[in-house]
Number of protein chains: 2
Amino acid sequence: MKKISDSTVRRMSQYYRSLSRLIEQSVQTISSEKMAQIENITSAQVRKDLSFFGSFGKRGLGYNTVELKTKIGEILGLDHQWNVAIVGAGNIGRALTDYTEFNRQGFFIGTVFESDTSKIGTQCNGVDIVDIEKAKINYKKKAIDIIIIAVPAKHAQAVCEQFVNLGVRAFLNFAPISLQVPDNVVVKNENMSVEIESLSFFLRNG
Amino acid sequence: MKKISDSTVRRMSQYYRSLSRLIEQSVQTISSEKMAQIENITSAQVRKDLSFFGSFGKRGLGYNTVELKTKIGEILGLDHQWNVAIVGAGNIGRALTDYTEFNRQGFFIGTVFESDTSKIGTQCNGVDIVDIEKAKINYKKKAIDIIIIAVPAKHAQAVCEQFVNLGVRAFLNFAPISLQVPDNVVVKNENMSVEIESLSFFLRNG
DNA sequence: AATTGTGAACCTCTTCACAGCT
DNA sequence: AGCTGTGAAGAGGTTCACAATT
């Protein structure tokens, strides 16, 4: 497949979510122009994004919402259950165990790893909190696909390396630090400080 | 000032965080090349980003970490306290009241707004949970600069409009939906579903 | 000798504009 | 007539490469 840009993938994910909403509202067809309005982008962008993956529309009519959602789901790999583990049972880690949006899209949070012995052995929203030292055995048993890093910045790199060594290739990083990983591993950052500081910049200069 | 790209602002924010870490480690000087390694980018990118705002380095030597951190702090507006309110006392909203990274950088969370009467009047990590109906009076009293939206997608647009009408110009949106706002208002999205679905795409196609 | 600051080259992503379908 | 799909043009962001400076 041709190289797909990150921005295209992100927008595909947004189309997917908007389509879910449209289907709930019993909308059966949508044009690239309408979709563009929902996402605050241009209609050419919508059509171009979709065109990387195929021809899903009907000229003169638009796109069938249910069909397009299914197609995008397949493209993004959401027709599949992904096993996820969180590292860190702090505020963020615990909040994520109850983030229903993840479960709804096929991301199953099976474990929270922790090093704090007072938390190990307990549960959080029904998810077992497990000793990080048992990561290896747990990794095999649960077939973990994705690790969510929710530990302080100073431990994030070490945690990441530990799971890279076990074979994990996908990380969602909440620690405010840039992780160093091999080429075949992907990290997506959820850096709340960066976003709020961008707002600060805007308020000062915008 | 010349138009600064979003990516440059985000990287400035990352440099700022890396500089804090370097200063803690008593590093006094850093070259663009070293900084680039930390951030996984090129040294030309580091120099170009900084050059939009001035000349902060010394040729042959590099950048003084303390000076550069101060400069970037001013550029980003972090030499100032910003008053922040969260809307929604769910998992994410509550977790954010205890996100120390925010306080450390001058973002002061003064209020959590809620509509659920059983939560109103209580506190979360020392922050009052206030009736959303009292937003107007509270907005004036607290001089709110930034609103963090942590409500379900279906309420996010209405919440946003309510505060836009009160005069808020900066939003950090955790709801997985694209918000429609006037030109003079900025929204930054923290869309965890988008990031994890990008990982799914990578695992399937990468 | 080392490293910055920057115009120019390069590359990537977005938008235009229209042929081609329905 | 209306809307998609797409090659070409345009805009914007990144990297190169080197003169300038310490």
[N] [atom2] sits how many Å from [X] [atom1], rounded?
X       : N      : atom1 : atom2 : value
B:Leu68 : C:dT4  : CG    : P     : 11 Å
A:Asn64 : D:dC3  : CG    : C1'   : 15 Å
B:Arg11 : D:dT15 : CZ    : C1'   : 12 Å
A:Asp6  : D:dG13 : CG    : C1'   : 15 Å
A:Leu61 : D:dT4  : CG    : P     : 9 Å
B:Gln45 : C:dC11 : CD    : P     : 16 Å

Would you be so kind as to tabulate the donor-acceptor pairs closer than 3.5 Å made by side chains of residues 75-82 of chain B, with sequence neighbours excluded?
from: B:Asp79; atom 1: OD1; to: A:Arg204; atom 2: NH1; distance (Å): 3.1
from: B:Asp79; atom 1: OD1; to: A:Arg204; atom 2: NH2; distance (Å): 3.2
from: B:Gln81; atom 1: NE2; to: B:Asn83; atom 2: OD1; distance (Å): 3.1
from: B:Trp82; atom 1: NE1; to: A:Ser200; atom 2: OG; distance (Å): 2.8
from: B:Trp82; atom 1: NE1; to: B:Gly77; atom 2: O; distance (Å): 2.8

Item to complete: Before accepting this row, confirm whether a basic side-chain N of the pair A:Arg21/A:Glu24 lies closer than 4.0 Å to the acidic partner's carboxylate O.
Response: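 Salt bridge flag = no for A:Glu24 with A:Arg21.
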Practice prompt. Identify whether the distance between the nearest side-chain nitrogen and carboxylate oxygen of A:Glu195 and B:Arg10 falls below 4.0 Å.
Written response: yes
Worksheet item: Sub-3.5 Å donor-acceptor pair from the side chain of B:Glu114 to the main-chain atoms of B:Ala89, do we have one?
Response: yes
Worksheet entry | Contacts of type side-chain contact (heavy atoms from CB on, under 4.5 Å), residue A:Ser32, not counting sequence neighbours | A:Ser43, A:Val46, A:Arg47, A:Tyr63
Discussion item. Under 6.0 Å between ring centres: does that hold for A:Tyr15 and A:Phe56?
Written reply: no
Worksheet entry | Positions of residues 186-196 of chain B (non-hydrogen atom under 4.0 Å from DNA chain C), listed by number |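 Nucleic-acid contacts, sorted: none.
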Worksheet item: With sequence neighbours left out, which residue pairs that include part of residues 185-194 of chain A fulfil the side-chain hydrogen bond (donor to acceptor under 3.5 Å, both in side chains) condition?
Response: A:Asp6-A:Lys188, A:Asn173-A:Asn189
Worksheet item: Which residues in residues 23-41 of chain A have at least one heavy atom lying under 4.0 Å from any atom of DNA chain D?
Response: A:Ser31, A:Ser32
Discussion item. Do A:Leu68 and A:Leu50 have side chains that approach each other closer than 4.5 Å (heavy atoms only, starting at C-beta)?
Written reply: yes
Discussion item. Measuring from atom CD1 of A:Ile72 to atom CD of B:Glu197, what distance do you get when rounded to the nearest 0.5 angstrom?
Written reply: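 Between A:Ile72 CD1 and B:Glu197 CD, I get 10.0 Å after rounding to 0.5 Å.
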Worksheet entry | Residue-phosphate contact under 4.0 Å: B:Thr42 side-chain N/O, D:dT15 OP1/OP2 | yes
Fill in: Candidate list B:Asp128, B:Thr111, B:Asp131, test side chain to side chain donor-acceptor pair (under 3.5 Å), partner B:Asn138, passing option
B:Thr111
Practice prompt. Over 60° means perpendicular and under 30° means parallel, so classify the ring planes of B:Phe53 and A:Phe201, tilted if in between.
Written response: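 Perpendicular.
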Could you run down the sub-3.5 Å N/O contacts of the protein with nucleotides 5-9 of chain D?
from: D:dG5; atom 1: OP1; to: A:Phe56; atom 2: N; distance (Å): 3.1
from: D:dG5; atom 1: OP1; to: A:Gly57; atom 2: N; distance (Å): 3.0
from: D:dG5; atom 1: OP2; to: A:Tyr63; atom 2: OH; distance (Å): 2.8
from: D:dG5; atom 1: O4'; to: A:Arg59; atom 2: NH2; distance (Å): 2.9
from: D:dG5; atom 1: N7; to: A:Arg47; atom 2: NE; distance (Å): 2.7
from: D:dG5; atom 1: O6; to: A:Arg47; atom 2: NE; distance (Å): 3.4
from: D:dG5; atom 1: O6; to: A:Arg47; atom 2: NH2; distance (Å): 3.0
from: D:dG7; atom 1: N7; to: A:Lys48; atom 2: NZ; distance (Å): 3.3
from: D:dG7; atom 1: O6; to: A:Lys48; atom 2: NZ; distance (Å): 3.4

